[in-house]
Amino acid sequence: GATVDRGPRRMSWLFANNPAQSQEPPSAKVEQLCDRLATAKLLDDRRAAVKALEALSKTNQLEVGSRAIPNLVTVLENDRTDIDCVNHTLNTLINIMTPAVKVASPSSALPDSEVAVMFTEMFVKNMENVAMLLQLLEEQDFYVRFNTVKLLTVLLSNRPQKLQECTLAAPSGVARLMDLMGDPREIIRNESLLLMIELTKQSPAIQKIVAFENAFERLLEIIKVEGYADGGIIVEDCLRLAHQLLRNNSSNQNYFRENSCIARMTPFYAQLVSEAPSAWQPQKINNILLMLQLVRILVSPENPASVTGSNQKTMASLDFISLLARLAFLEAARPLMAEVLPALGDLLRSNKPNCNAVSQLVLPNGQPAVLMIIYTVFDSSRSFAERAAALYCFQGYIHDYAEGQQLLVSTLFPTGTQAAGALAAAGQLMCQALLTDKDRDFVLNWFAALVFANVLNGNRACKESILRVAIAHEAGKKAESLLAICALPLIKGNIDTQPRLAMGRFILLCVWLCDCPFAVKTFLQIPSVVGSLTQLMSDSALETNVLIQGMAALLFGLCTVFNDDTEPSYKRSALMEVVTHRYGIDNFKGRLDRLLKSDPFKLASKGPGMNTAKVEEAWVDHTTAEMITQMVAAVQAGLSGTAVSTMKKETAVDPASVEYHEMVVTQYKTLIQAQDKELHELKQRCEQAEQRERALQKENKELRAQLESASATATASAAVTTAPAAAATTDANHTHDHHQHHEGGDAAAAAA
């Protein structure tokens, strides 16, 4: 076997200045013991020498490590059959490579961690040393296996990439480690789990090998035997390893699904929703939390769409939608709501069958699941994290789900509530939350604005339909359009005292007007709204509030870019003139750029969800930030003269939907009127052209008759005279002018 040489020469400088603290310093003792290891013929002598080195290594890490590593490796090679000798050697190596061991020499220039790492590098420099440790795992002795796993864990902690490389290079290295998970001795099994968690970090190659060594089946069997959520910390370790193998690994996710491992997760949740109500212990809550995170890994929007879609389909077939929805509203699971609802949201996202299923789902309390989710967003008794989680779940449900958007919009109309069935109360709930004046900090108004924005996002039919919603906002007053009511805080001019209310309304209005010219026209007809926006963009008192100025600029830009010039007072050219002359294109775009670079948007960009549990830090969530970013790009492109592409594929109107019938008829009437007007203009132009053609034909006929008469006169004159001038005069008669004809005839007669 290979040995590590030049140890004494490399390390001598570390302790060259150490004063002798006894007649026989530790370095001398180590030297003697190493010589005995190298020269002793009897196994008992070598065993005694290793045992003495083990004792010294506890207090003299530097001296033992700098001299003894080559001799210890030789012992593992040559004396493997002696269990005691092997265990003493493994313990010695663990001591000198563990940073926690204190260096006896106080004058050492290196801290403990650097010493341990240096000795680790000396050991793993030769890959055969790691391969030898992996071979030792075949020994059935408890202490040999336990100490070998412990040493591998220490090496992995100090030099992870190198140990991963050595493990991959060793024949059957990963397989030997996986066999430990089947060891009947729990402590070895548990230590091997911890080792595998570290070994698989950031190593797709090892992750794939581990998965194909039946890791998932073994992990799920351990979880089952241990009692699922009640299984203690061993279940936690199994789930952490499963996370490590599945996160951002499409190949392993496909393997997990195709080998029916998702089905083996079902009893975990079924047990929770069926057991008698009781308080859950912290470890149980932690295990459930990790299982929920496993669901989110499998249906993460960051996975390839095909992988996530397949996982969603499989989970839906196993009743995961109902299980998660019921778990979310269990009283015992209250501490987990902030994790259960996002998992449900990811399970629904961009999956129409799953969204259809949850739309029909009624919880044990008799309430529709979707209505309970919306109610949780608006429930002020809930923590901000729980409300944000409910919002994320709702966003997952409504994302790319036109039927859900139309269903919720229909609940805003008296005729639509009948078709909506159990969800009929949603419209009233949403409007009350949006318009309430009892929300002192305006968090409820803000949440409601985000819900409305997601209901309208990318669906022009819904945006146009909701323009017909009129509400009597104050008792005794005439009903106003919902659009005008939403714009009211921007017109009143008290935004500086109500920034959160303003931010919510800006978000809703921007989404509402984006890619919807009819909504833009209706918005521009609201008195004072354009003047208020220009004032907000110019107000020096708001210079520090990049959110308000940026959103005001975005809303004004949307009114400009998606303007179809049907509102005479504020045509696109007029609004462009304001942008160009009052602010300048670059200055205007700068407001939008600063908006996207502001701290709230930086926070929102970190990942899905709200990314903070503090309400004072939350102004936009990740989904809303993405929508605003897309709108900013559309406005900047439109202001630069680039054609603005459709923000999202338009949603077709359901012809069977009663609540949209009036809107559809209106749209077609407008289209037909425009086409009829154009046809009428074309007919008039055609009739004018025909009249002109008839007049030209008549004039042409008269001119031909005159020409023929002139030709006959010229022929008669030519018969009387042969003068050359007569012929020339006859040629001059070929004219279309009636008066020139007579003058030419007189000239010809005079010449004759």
Side-chain angles (χ1 to χ4, degrees), residues 200 204-221 223-224 238-270 288 290-328 339-361 369-370 392-404 607-609 622-623 626 648-649:
T200 54
I206 294 180
Q207 290 172 3
K208 187 172 183 179
I209 296 173
V210 169
F212 281 89
E213 288 288 341
N214 298 322
F216 297 127
E217 291 83 351
R218 297 184 187 191
L219 292 172
L220 291 169
E221 183 61 26
I223 292 173
K224 176 182 176 182
C238 289
L239 290 171
R240 289 191 185 280
L241 179 55
H243 290 185
Q244 201 75 42
L245 299 175
L246 291 170
R247 184 177 287 110
N248 300 323
N249 194 318
S250 300
S251 174
N252 282 1
Q253 288 192 28
N254 289 332
Y255 181 87
F256 188 84
R257 181 184 65 254
E258 292 165 0
N259 284 272
S260 302
C261 293
I262 294 179
R264 297 179 67 174
M265 294 166 56
T266 309
F268 190 105
Y269 295 102
I288 301 171
L290 291 169
M291 183 58 91
L292 291 169
Q293 290 173 354
L294 182 58
V295 172
R296 296 196 69 182
I297 289 172
L298 292 172
V299 294
S300 169
E302 297 177 1
N303 293 337
S306 59
V307 176
T308 294
S310 298
N311 293 339
Q312 287 174 326
K313 181 179 179 180
T314 302
M315 288 185 178
S317 69
L318 295 166
D319 204 29
F320 266 74
I321 295 174
S322 175
L323 290 173
L324 290 178
R326 290 163 62 190
L327 179 63
E339 288 294 333
V340 182
L341 289 175
L344 178 60
D346 285 340
L347 181 56
L348 302 175
R349 187 179 302 274
S350 300
N351 191 302
K352 184 177 177 179
N354 289 6
C355 292
N356 288 337
V358 82
S359 295
Q360 305 296 325
L361 180 63
V370 174
Y392 182 86
C393 182
F394 178 77
Q395 290 170 332
Y397 162 71
I398 210 71
H399 182 72
D400 284 339
Y401 184 47
E403 289 81 355
H622 184 75
T623 301
E626 285 187 331
K648 205 170 183 182
K649 186 177 179 181

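Position 1 is the first residue of the sequence; numbering continues from there.
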pair Val295-Met265: side-chain heavy atoms closer than 4.5 Å: yes

Contact summary for Ala242 and Leu219, nearest pair of heavy atoms: N-CD1, 4.0 Å

Minimum-distance pair of heavy atoms, taken over all atoms of Leu323 and Ala270: CD2-CA, 4.1 Å

Any side-chain heavy-atom pair of Arg326 and Tyr269 under 4.5 Å: no

Atom CD of Glu217: over 12 foreign heavy atoms under 6.0 Å: yes

Validation row: Arg264, Lys224 side chains within 4.5 angstrom (heavy atoms): no

His622 side chain vs Gly607 backbone, donor-acceptor pair below 3.5 Å: yes

Heavy-atom side-chain proximity of Tyr401 to Leu348 below 4.5 angstrom: no

Atom of Leu292, atom of Leu327 and distance for their closest heavy-atom approach: CD2-CD2, 4.3 Å

Evaluation steps, side-chain hydrogen bond (donor to acceptor under 3.5 Å, both in side chains), between Asn354 and Gln312: CA-CA 8 Å; Asn354 289 6; Gln312 287 174 326; 5.0 Å; no

Shortest non-hydrogen separation from Asn311 to Arg257 and the atoms involved: OD1-NH1, 2.8 Å

Any side-chain heavy-atom pair of Phe216 and Arg218 under 4.5 Å: no

Rounded distance [0.5 Å steps], CZ in Arg349 versus OG in Ser300: 9.5 Å

Any donor-acceptor N/O pair, Thr266 side chain to Ala263 backbone, under 3.5 Å: yes

Leu245 CG to Gln253 CD distance, which is reported to the nearest 0.5 Å: 11.0 Å

Atom pair SG (Cys238) and CE (Met291), whose distance is rounded to the nearest 0.5 Å: 10.0 Å

Spatial distance of atom OG1 (Thr308) from atom NZ (Lys313) [nearest 0.5 Å]: 15.0 Å

Test item: Asn303 and Pro301 side chains (from C-beta on) under 4.5 Å apart, heavy atoms: no

Residues Gln207 and Asn249: side-chain donor-acceptor under 3.5 angstrom: yes

Donor on one side chain, acceptor on other, Asp346 and Tyr392, under 3.5 Å: yes

Student check: side-chain heavy atoms of Phe256 and Leu220 closer than 4.5 Å: yes

Exercise: do Asn356 and Glu403 side chains pair donor with acceptor under 3.5 Å: no

Closest contact, heavy atoms only, Ile321 versus Leu361: O-CD2, 4.3 Å

Atom pair CD1/SG of Ile398 and Cys393 - distance to nearest 0.5 Å: 11.0 Å

Donor-acceptor pair, side chain of His243 and main chain of Gln293, under 3.5 angstrom: no

Contact summary for Val299 and Ala343, nearest pair of heavy atoms: CG2-O, 4.5 Å

Polar side chain donor-acceptor pair, Tyr397 to Ser359, under 3.5 angstrom: yes

Min side-chain heavy-atom separation Cys261-Tyr255 under 4.5 Å: no

Distance in Å, Ile288 CD1 paired with Glu339 CD, rounded so as to fall on 0.5 Å steps: 12.0 Å

